J.: 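My questions will all concern the structure given below.
From a predicted model like this one, the values you see are computed outputs, not experimental measurements. Reminder, nothing fancy here: chain letters follow the sequence lines and each chain counts from 1.
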Number of protein chains: 2
Amino acid sequence: MSQPKGSKGKVTIIEIADAAGVSKSTVSLVLTGRGAVKPETRQHVLQTMDRLGYVYNRGAANLRNAQSRIVGLVLNDLSNPFFAEFAIGVEKVLQMAGYVAFMANTAESVVRQEQVMRMMREHGAGGIILCPALDTRPEHLDWVRAAGTALLVAIRRLPGADTSVVVPENLAGASRVTRHLINLGHERIAFLGGMHSMVVRQERHGGFLSAMEEAGCRVDPALNLESMPTRDGGFGAMSAVLSLADRPTAVVCYNDVTAIGAMLAAARHGLVVGRDIAIVGFDDTSEARHVSPALTTVAVDPVGLGERAAALLLKQIADPAAEPESFIGPAHLVIRESCGAYQRALAAAG
Amino acid sequence: MSQPKGSKGKVTIIEIADAAGVSKSTVSLVLTGRGAVKPETRQHVLQTMDRLGYVYNRGAANLRNAQSRIVGLVLNDLSNPFFAEFAIGVEKVLQMAGYVAFMANTAESVVRQEQVMRMMREHGAGGIILCPALDTRPEHLDWVRAAGTALLVAIRRLPGADTSVVVPENLAGASRVTRHLINLGHERIAFLGGMHSMVVRQERHGGFLSAMEEAGCRVDPALNLESMPTRDGGFGAMSAVLSLADRPTAVVCYNDVTAIGAMLAAARHGLVVGRDIAIVGFDDTSEARHVSPALTTVAVDPVGLGERAAALLLKQIADPAAEPESFIGPAHLVIRESCGAYQRALAAAG
DNA sequence: TTTCTTTGTTGGAACGTTCCAATAAATTCG
DNA sequence: CGAATTTATTGGAACGTTCCAACAAAGAAA
């Protein structure tokens, strides 16, 4: 319906003003809704804008009042469904607050990360939610906050950076699921997946260790295997574990993705997961529920974490002077089939 | 290292100029790298910028030359790994061209879609790659192109919108995988998943039909089931199919996600997929390879489609007058285990 | 030497918006 | 009725950048 004006020349507020027979100031008032403007005038201006195909130029507007109502969401690994779910939570809250999230994927590259964060800042993002790439050092982030951009670190805590933080209760969660395996009678338990340089792994492995020690189980260093936190990584690590002379009877995996890889490896070795060996994950992504046998795991509610992260960031944008705040999301055990609890209950009953 | 200047007042090009003892024009030349500036001066200016914690204001710059080097990527469903992989391809190419992709997720909501596209345009995005939400009508997109923003529609073709398009070869792919099942001896084949209003489903189902007809197989309307294109949708539809008196021996699924849901349903009904029933998918997301039994599917190379989409968009940004261009990505059959071809070969050999 | 180019640098005028102070018209108050 | 207030509208000065024309200094060519 709206005929684009001249060749490529953008339609500005002034052309609208001329066409509608008012001043540019009046058009601006209509646009921002701030001052008092006669209803009929407003209507007329709005119609004119529509007729000429006007596009609001936010860059020009931000020149005066730096309120751009966008926030950046920087993700380290979009191919991991966990982060996709996290992103969905973030978007939900931001949208309700009238903000828009612009996402970018760093694919674990710190240089890419710096690039996109700089771009977001240059475009006047009010804040950034960062799921840091693997070797992000806290001092890499100083420049962001220097210019007054709110920053929140999510999922991977960054020791030494005093920003707001939203992470799940990794230690307690891991300890909880390990205890569950111990209660099922397992003693020889492996911890599998993730690289030891990752803070998240350190926390989860710490929880594993504390549960083991508390129960008086021996921790065999040969049963602590690193891998990339991918399905292939889990597959490889599990294969390695299964080639040991003295196999574990249960495996705690770094996250769901590696756990699913591990399950596959176990199946390839002729083991029935949940009967011959127990495998548990961490995160409770939607895959965990759908895989077969269904994965026992620790639910950290990625969507909820995203919502919380967004809410915290908005708070910080509203009051930049406020102290950084942390949120440690609850992690609760979700018992399904892969740990064998179900079969054990059946046997006990029968 | 860089001490942020005064309280919150942003550092501008003029303050840099004053501090460095040059004019703002010189600073601008350093920033854009356009004119000739003495190396020592450039160094000095750069140092000063670093020292004062300068942030480039892209909004102000765009006011003069509308070259923002960002493009928008609008995804309809981030929780589907297919789109995550597509996004990764897009980002790869854009990055190499010095562009940055800002993604947004519409979650199949047209109003959200309009909102984010408007926001992207207001921020001066040079182009937008759109994977349209479900009930997007072509006329919804007129306003985007009116203002000279390049637009490319991906994955879901939008009949009636004359934009560049990047989609996979849905019809041929579906026909190919159906023929494969027929060659394995199947005659009673179901088509399952997706809603009939989806163009992609129409194309894939069309391919299915043509292969069936060509082979002289009867097409039973009772074996054409819609569902949401999710795992749960596939699960439900498959359960429905399995409760029929006259079950199919093979199932072509709308995509991998529904196929995986269908596999799960089959397993729950006590069927061994690949032996008792054949199930095939479409897309070849990384899940297809990892599920057990591995999924026979049609590879459309989402990453490659993303790369192609980005390349085409860049071309269109460079030459806005150019005709819209289409790319139909190849779809080739990937035979794994879920169709039973492997078992059949074994039997023939043994 | 003088003239012509090249190299660096510069002030000022845009760009499209918002805000402020000023004004005109309409309304309320004493 | 005049004064005070409110309502509706307006021109002009920012905002931070880029571009253009101008210019000074230094080399090259005559």
Side-chain angles (χ1 to χ4, degrees), chain A residues 5-6 8-46 48-49 52-70 118-119 121-124 147-148, chain B residues 5-6 8-46 48-49 52-70 118-119 121-124 147-148:
Chain A
K5 241 270 311 250
K8 76 235 248 114
K10 322 226 169 210
V11 183
T12 83
I13 212 184
I14 299 190
E15 298 175 47
I16 301 296
D18 289 352
V22 295
S23 77
K24 63 180 170 37
S25 302
T26 304
V27 179
S28 174
L29 290 179
V30 171
L31 235 30
T32 59
R34 252 186 268 281
V37 51
K38 205 170 3 173
E40 342 164 24
T41 316
R42 149 170 281 113
Q43 270 314 311
H44 183 215
V45 169
L46 286 173
T48 313
M49 292 198 314
L52 300 189
Y54 168 71
V55 183
Y56 185 67
N57 184 333
R58 204 162 287 269
N62 286 347
L63 222 46
R64 290 300 307 251
N65 67 338
Q67 292 287 13
S68 82
R69 290 190 102 62
I70 79 168
R118 168 157 286 135
M119 210 68 158
R121 222 170 47 133
E122 287 178 0
H123 276 282
Chain B
K5 240 270 308 255
K8 77 230 249 121
K10 323 226 169 212
V11 183
T12 83
I13 213 184
I14 298 190
E15 298 176 45
I16 302 294
D18 289 352
V22 296
S23 77
K24 64 178 169 40
S25 304
T26 304
V27 180
S28 174
L29 290 178
V30 171
L31 236 29
T32 59
R34 252 184 270 279
V37 52
K38 202 170 5 172
E40 342 164 22
T41 317
R42 150 171 279 113
Q43 268 314 310
H44 183 213
V45 168
L46 286 173
T48 313
M49 292 199 312
L52 300 189
Y54 170 70
V55 183
Y56 185 67
N57 185 332
R58 205 163 285 269
N62 288 165
L63 222 45
R64 290 299 305 253
N65 66 340
Q67 293 287 14
S68 82
R69 289 190 104 61
I70 78 168
R118 168 158 285 134
M119 210 68 157
R121 223 171 46 135
E122 287 178 0
H123 276 282

J.: With a non-hydrogen cut-off below 4.0 angstrom, is B:T12 in contact with a base, only sugar-phosphate, or nothing?
T.: sugar-phosphate
J.: Is any side-chain nitrogen or oxygen of A:R34 closer than 4.0 Å to OP1 or OP2 of C:dC19?
T.: yes
J.: Atom CG of A:D18 to atom P of D:dG11: distance rounded to whole Å?
T.: 10 Å
J.: Of the candidate nucleotides D:dT17, C:dT18, C:dT17, which contains the atom at the shortest distance from the side chain of A:I14?
T.: C:dT17
J.: Please report the distance, rounded to the nearest Å, between NZ in B:K38 and P in D:dA24.
T.: 17 Å
J.: I need the minimum non-hydrogen distance between B:L52 and B:V11, along with the two atoms involved.
T.: O-CG2, 3.3 Å
J.: Roughly how many Å is it from CZ in A:R58 to P in D:dG16, rounded to a whole number?
T.: 19 Å
J.: Is any side-chain nitrogen or oxygen of A:T32 closer than 4.0 Å to OP1 or OP2 of C:dT18?
T.: no
J.: If only side-chain N and O atoms of B:T41 are considered, is one of them under 4.0 Å from the OP1 or OP2 phosphate oxygen of C:dT9?
T.: yes
J.: Ignoring the backbone of A:A36, work out which of C:dT17, D:dA8, D:dT9 is nearest its side chain.
T.: D:dA8
J.: Atom CZ of A:R69 to atom P of C:dT17: distance rounded to whole Å?
T.: 19 Å
J.: Which nucleotide in the set C:dT17, D:dG16, D:dT10 lies at the smallest distance from any side-chain heavy atom of A:L63?
T.: D:dG16
J.: What closest approach, in Å, do A:L29 and A:R42 show between heavy atoms, and which atom pair accounts for it?
T.: O-NH2, 4.3 Å
J.: If I take atom OH in residue B:Y56 and atom C1' in nucleotide D:dC15, what distance separates them, rounded to the nearest angstrom?
T.: 15 Å
J.: Can you tell me the distance, in whole Å, between the CD atom of B:E40 and the P atom of C:dG8?
T.: 9 Å
J.: Is there a side-chain contact between A:S23 and the phosphate of D:dT10, meaning an N or O under 4.0 Å from OP1 or OP2?
T.: yes
J.: Using OP1 and OP2 only, check whether a side-chain N or O of A:T26 sits under 4.0 Å from D:dT10.
T.: yes
J.: Given side chains that start at C-beta, do those of A:Y54 and A:V27 come closer than 4.5 Å, heavy atoms only?
T.: no
J.: Determine the minimum heavy-atom distance between B:N62 and A:H123, stating which atoms define it.
T.: OD1-CE1, 4.4 Å
J.: How far apart are the closest heavy atoms of A:A60 and B:L63, and which atoms are they?
T.: CB-CD1, 3.4 Å
J.: Please check the phosphate of C:dT10 (OP1 and OP2 only) for any side-chain N or O of B:S25 closer than 4.0 Å.
T.: no
J.: What nucleotide, of D:dC19, D:dT9, D:dC15, holds the atom closest to the side chain of B:R64?
T.: D:dC19
J.: Map A:K24 and A:V37 onto DNA chain D by nearest heavy atom, then report which one ends up closer to the 5' terminus.
T.: A:V37
J.: Rounded to the nearest angstrom, tell me the gap between atom CG in B:L29 and atom P in D:dT18.
T.: 9 Å
J.: Round to a whole Å and report the spacing from CD1 of A:I13 to P of C:dC19.
T.: 11 Å
